[in-house]
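Here is how names work: the chains are called A, B, and so on, in the same order as the sequence lines, proteins then strands, and each is numbered from 1.
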Number of protein chains: 2
Amino acid sequence: AANVRDIHKYYDLGSVVVKALRGVSIEFPKGDFVAIMGSSGSGKSTLLNLLGALDRPTYGQYILGGYDVSQLTDDHLSDIRNRLIGFIFQSYNLIAQYTVLENIEVPLHYRPGHKPISSRDTNRCIDLAQQVGLADRLDHRPYQLSGGQQQRVAIARALVNDPEIILADEPTGNLDSKTEVEIMDILRGLNRQGRTIIMVTHETSVARVAHRQVYMKDGLMAGEGLFPG
Amino acid sequence: AANVRDIHKYYDLGSVVVKALRGVSIEFPKGDFVAIMGSSGSGKSTLLNLLGALDRPTYGQYILGGYDVSQLTDDHLSDIRNRLIGFIFQSYNLIAQYTVLENIEVPLHYRPGHKPISSRDTNRCIDLAQQVGLADRLDHRPYQLSGGQQQRVAIARALVNDPEIILADEPTGNLDSKTEVEIMDILRGLNRQGRTIIMVTHETSVARVAHRQVYMKDGLMAGEGLFPG
Ligand SMILES: Nc1ncnc2c1ncn2[C@@H]1O[C@H](COP(=O)(O)OP(=O)(O)OP(=O)(O)O)[C@@H](O)[C@H]1O
Ligand SMILES: Nc1ncnc2c1ncn2[C@@H]1O[C@H](COP(=O)(O)OP(=O)(O)OP(=O)(O)O)[C@@H](O)[C@H]1O
Ligand SMILES: [Mg+2]
Ligand SMILES: [Mg+2]
């Protein structure tokens, strides 16, 4: 489903260049379920943003759904991304002025052909809100939600377009263990349907749900299995 | 140090009233080190915001440093808060336009008497940045930091005024276990100096560092010890 070859990502800050990724190569076959671990600052979110085609590498190649991403126009890339990928951001990126329901509906506005939102779509969003335990918070705005509730809106939103690939950046960081189990059950179910799930996490309990674990260190893939050892 | 008596916090949303706290009573003696656990949405951040005097209860009494908070003017309360309390927010609340160093310095601008920031102050901020592993990120702005790095800026900022009471809302949610241990060592050291630490956390590894644990459920104190059972 996704294939990263010798990826580098550098941030040029003038007096210093931060090398966030320094030559990462990794393959994600269709239906993969992998946990990416590693120290704070090791490059996990940077890698996930590149996998989500939200950013382009400084050097290296990214093959997504068979396409070499660097050969695509921004529009074409945008189209593929909206069709294929659901992204759960580390800092949620909710829209402050939108309600919970409106936030979950956001990806529906970007469908190919710009189909308007039907009542069937809205029911699907309500159902997703229910699955993450937010059925009674549909009209709340983000500032009226707890941290873990905001995180759950971000999770529901990532699933609304029925994505083939789910990229999750610390999806349970603000959730108690019982709620975490419910979220992992949802992801496990989606993986059993054949979807590819690539999850960044610091939590061993979450990493163990994946089929394999890899970990990063200083912008490089450093090993397989749980981190730390 | 702090004493909460039958605290209620209601949010009136017109068609519905959300009862975030429904009668919480708890005492925090000076030098206490307590972890507050509980489900997502159970009222932990709401309680912490009240303890931080960032919000006022709908009903009930809050005694802070000997003062009944409801009897104080906003200015007097502000003054006490800046002198006594360091707050680590669940969503960090960093200032996007400020660098790491400037963000850590923010509480120094609010000291009684509005003392200007001395070079000794700046060295203290640099030292705190070093303690949380951000010595090489002083000139970065928040969007140029990883999630865990942003969290660590929030931690350093909470400590800069040498507070007697530290309120920490999920202080390690975005940190790998090694970095988490380093942060908990800092907090443990501060508690040994006699400071009061009240920490909201979902992580058992973090809760165990505290001297006692309590947990909340549906806006009430529900029990003592680790959550879930
Ligand atoms: N401004 C508000 N208006 C309406 N409801 C609110 C508001 N702020 C919080 N709430 C509600 O109050 C309840 C408690 O919120 P709080 O943030 O204290 O939970 P929490 O225990 O910190 O949860 P988490 O572990 O997810 O951070 C939640 O159900 C939330 O939806
Ligand atoms: N826009 C930017 N400009 C400069 N440096 C950046 C920028 N974005 C990220 N970095 C740096 O790149 C490195 C990797 O960041 P990244 O967000 O990928 O880390 P991470 O592994 O996700 O960490 P965490 O576990 O704390 O979320 C960090 O050291 C960070 O400071
Ligand atoms: Mg990250
Ligand atoms: Mg909270």
Side-chain angles (χ1 to χ4, degrees), chain A residues 11 13-16 18 20 37-46 48 89-92 94 132-134 136-152 169-170 172-183 200-205 215-217 226-229, chain B residues 11 13-16 18 20 37-46 48 89-92 94 132-134 136-152 169-170 172-183 200-205 215-217 226-229:
Chain A
Y11 294 107
L13 300 183
S15 57
V16 69
V18 175
M37 310 182 80
S39 310
S40 174
S42 58
K44 306 178 298 296
S45 296
T46 303
L48 218 65
F89 294 91
Q90 188 168 9
S91 54
Y92 320 151
L94 301 183
V132 298
L134 293 177
D136 60 352
R137 290 282 181 274
L138 294 177
D139 298 327
H140 278 53
R141 291 191 166 72
Y143 75 92
Q144 294 169 323
L145 299 174
S146 77
Q149 289 167 342
Q150 293 175 19
Q151 186 153 41
R152 286 181 267 156
D169 201 342
E170 312 272 1
T172 64
N174 273 305
L175 301 177
D176 58 280
S177 14
K178 177 159 170 289
T179 312
E180 178 177 285
V181 165
E182 293 167 9
I183 296 302
V200 169
T201 184
H202 287 304
E203 318 244 10
T204 315
S205 52
Y215 58 89
M216 297 183 63
K217 193 165 153 57
L226 293 170
F227 172 88
Chain B
Y11 294 106
L13 300 183
S15 57
V16 70
V18 176
M37 308 183 81
S39 310
S40 174
S42 58
K44 307 177 298 295
S45 296
T46 304
L48 217 65
F89 294 92
Q90 188 168 9
S91 54
Y92 320 150
L94 302 183
V132 298
L134 293 177
D136 59 351
R137 289 281 181 275
L138 295 176
D139 297 329
H140 278 53
R141 291 194 165 72
Y143 76 92
Q144 295 170 324
L145 298 173
S146 78
Q149 289 168 344
Q150 292 174 18
Q151 187 154 41
R152 285 181 268 155
D169 201 342
E170 313 272 359
T172 64
N174 273 304
L175 302 177
D176 57 281
S177 16
K178 177 158 170 291
T179 312
E180 179 177 285
V181 165
E182 293 167 9
I183 296 302
V200 169
T201 185
H202 286 304
E203 317 243 12
T204 316
S205 53
Y215 57 89
M216 298 184 64
K217 193 165 153 57
L226 291 171
F227 172 88

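Heavy atoms of Val16(B) lying under 4.5 Å from chain A are absent altogether. Interface residue Ser40(B): backbone and side-chain heavy atoms are both found under 4.5 Å from chain A. Contact of Ser39(B) with chain A is made through backbone and side chain together, with heavy-atom distances under 4.5 Å. Only the side chain of Leu13(B) comes within contact range of chain A, with at least one heavy atom under 4.5 Å from a heavy atom of that chain. Residue Glu170(A) touches chain B through its side chain alone, counting heavy-atom pairs closer than 4.5 Å. Only the side chain of Gln144(A) comes within contact range of chain B, judged by heavy atoms closer than 4.5 Å. Gln151(B) does not touch chain A: none of its heavy atoms, backbone or side chain, sits under 4.5 Å away.
Side chains of Tyr92(B) and Asn174(B) form a contact here, defined as non-hydrogen atoms less than 4.5 Å apart. Using a 4.5 Å heavy-atom cutoff, the side chains of Gln90(B) and Leu48(B) are not in contact. With contacts defined as side-chain heavy-atom distances shorter than 4.5 Å, the pair Ser177(B)/Ser205(B) does not qualify. Considering only heavy atoms from C-beta on, Ser45(A) stays 4.5 Å or farther from Ser146(B) through its side chain.
For the residue pair Glu180(B) and Thr172(B), the shortest heavy atom distance occurs at OE1-OG1, 3.3 Å. Of all heavy-atom pairs spanning Ala20(A) and Tyr11(A), the tightest one is CB-CE1, 3.7 Å. When all heavy atoms of Pro142(B) and Leu94(B) are compared, the pair lying nearest together is CG-CB, 4.0 Å.
The residue among Met37(A), Gln149(A), Glu203(A) with the most heavy atom pairs within less than 4.5 Å of chain B is Glu203(A). Across Gln150(A), His140(A), Lys44(A), the residue that shares the most heavy-atom pairs under 4.5 angstrom with chain B is His140(A). The most heavy-atom pairs under 4.5 Å with chain A, out of Val18(B), Leu175(B), Thr201(B), Asp136(B), come from Leu175(B).
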